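As structure tokens, the structure follows; a few thoughts come after it.
Below, chain A is the first sequence line, B the second, and so on; all start at residue 1. The model shown is predicted, which means the values in this text are computed figures rather than measured ones. Basis for what follows: all heavy atoms, side chains included, without hydrogens, waters or symmetry-related copies.
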Protein chains: 2
Amino acid sequence: MNGRSAMRLARLQEALVGGGTIHLSEAARLCGVSEMTIRRDVAASDGAIVFIGGRLVMADNPQFAPVYDLDEQRGSHYFAKQRLCHEAAAFIEEGDTLFIDCGTTLMPLVSLLSSFNALTVVTYALNVASAVAALPGVRLILLGGLYHDSSQSFGSDDMDEAIERLGINKAFISAAGVDPERGVSCFHFHEVAPKRAAIAAATQCILVVDETKLGVIRPARFAGLEAFDVLICDGEAGQALSSWQRHATATRIRILLA
Amino acid sequence: MNGRSAMRLARLQEALVGGGTIHLSEAARLCGVSEMTIRRDVAASDGAIVFIGGRLVMADNPQFAPVYDLDEQRGSHYFAKQRLCHEAAAFIEEGDTLFIDCGTTLMPLVSLLSSFNALTVVTYALNVASAVAALPGVRLILLGGLYHDSSQSFGSDDMDEAIERLGINKAFISAAGVDPERGVSCFHFHEVAPKRAAIAAATQCILVVDETKLGVIRPARFAGLEAFDVLICDGEAGQALSSWQRHATATRIRILLA
DNA sequence: CATGTTTTGTGATTTTTCTAACATTTTTTT
DNA sequence: AAAAAAATGTTAGAAAAATCACAAAACATG
């Protein structure tokens, strides 16, 4: 990609941020180049803007649900996550202060918040923040710091203190691995502090993972299973289920299947 | 519209709720009918679902709302801002730690950062952060807090302390009003603390405003003109220019015209 | 300033989407 | 059960969009 091309894309991106589409011809006119050049720009770009039937739309704006075809979404566990989040949303009440963890698992939860009008969301994830910022009735508190690309989230030394100062009601936590003996873990160490602080601060802790995470151990352990009040999981393959129910009664965790 | 048709539409609507698109062929397969039937269903419906380039989308999906030419008006401003930012970018060197202010003025500056690979950007604006996060070679530090929709930025009590702790090289500041006697001002009071802290911390302060801001006073004053080393402005209408040059020599500020 | 490279434009070609007409099937009515 | 009506499928052609190939222009470089 070249400099001028990047500038045109930025120009178009600015036009499309906040939603909407523009037709190829319109985009070409706007940038003062031919339609073919716009096509080439978009094709060579990182995929932030895509074509849909001769129109340009923002694709990766987390503010919106993905544009991809539904069968692709099916493949990427999109529907599974949607179901999980639907279950999770049932715990939310008007006036709550929610902690929402980073990752893609809890993204569908954000779009379910639009029906409330007195929520506060605390997060340290950029994608979550961008999505929440678009909701009119939801207050957003972003815990800043140094950005980590790997998890689209921020990390800082005093994040735990910042979380302590907030009155968090319910914490929705995601994880990359959940094991009854070895606890709940994630990939990145900078996520440990905010997760722990949120779990400690929250009245109710809800762990949301899809079933591929069960029995898996990742490098950064941040809690034991007993730290959570509810585990929301999708039990398509119910084989491991019975053993998990045993663990559940042992740790008093409540398992919900989406 | 007929009963079976309504049922198919309901089914498709369910698949599309929460955004996303579904291709005509996919929809036909999903409902077990021909593509033509889906077309007829959609055509005869109330308009909740619409076609866009062979794909079905919910009509109320803001992502697909046609954004008619936000042209000239916003477009011309955009190019002005682009010029301003091009001037501003000339001050940036490899290895710098930049403070980038909120607003739309400095957005084009972000896309100009992609040619560097050892920059650090400090900001308290969500739109700036989102844009910087996409750049591979740039470290991002976001100053978090409570989100303010009006300026797409965050505010918190300890932001000034957080800025003090950072080694900021160059501060790029935007403003809603610049007046030689009454100083530099913005609309929102929560912007004052970070702007002041950044100005105090930075080695070099660069004020970037378009000429419509000259001679304007806004509610929240955050600095005098003498606090800045450089003022970058577009001098299309050069009328006020001579008087500004006088102020410039008085305050030792360097005026650049884009 | 000539040279080679990159970027952009143009027109031809292929693919996809849209529309319309008519055939076929299903449902309803008599 | 036959006829009529409604719904759906099939095909063909028009329109739009996507791709390709090459020419022209802009840019960089020695």
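Residues B/Phe222 and B/Ile199 have side chains in contact (heavy-atom distance under 4.5 Å, counting atoms from C-beta outward).
Counted by atom type alone, A/His188 and A/Ser153 present zero donor-acceptor pairs between their side chains at under 3.5 Å.
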Could you list the protein-to-nucleotides 17-23 of chain D atom pairs, N/O on both sides, closer than 3.5 Å?
unit_1, atom_1, unit_2, atom_2, d
D/dA17, OP1, A/His23, NE2, 3.0
D/dA18, OP1, A/Gly54, N, 3.4
D/dA18, OP2, A/Arg39, NH1, 2.9
D/dA18, OP2, A/Arg39, NH2, 2.8
D/dA18, O5', A/Arg39, NH1, 3.3

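The side chain of B/Thr37 places an N or O atom within less than 4.0 Å of a non-bridging phosphate oxygen (OP1 or OP2) of D/dG9.
Around the NE2 atom of A/His23, the shell of radius 6.0 Å holds more than 12 heavy atoms that belong to other residues, nucleotides or ligands.
Computed from coordinates, the B/Glu35 CD to C/dA20 P distance equals 17 Å when rounded to whole Å. We find that CG of B/Asp41 is positioned 10 Å from C1' of D/dT8, with the value rounded to whole Å. Straight-line distance from the CD atom of B/Glu26 to the P atom of C/dT17: 13 Å, rounded to whole Å.
Atoms CG and CG, on B/Leu225 and B/Leu207 in that order, are 7.0 Å from each other to the nearest 0.5 Å.
Under the rule for a side chain to side chain contact (heavy atoms under 4.5 Å, CB included), the partners of B/Arg139 that lie at least two apart in sequence or sit in another chain are A/Leu146, B/Thr120. Residues that satisfy the side chain to side chain contact (heavy atoms under 4.5 Å, CB included) test with A/Arg218, not counting sequence neighbours, are A/Ala176, A/Ser185, A/Phe187, A/Val216.
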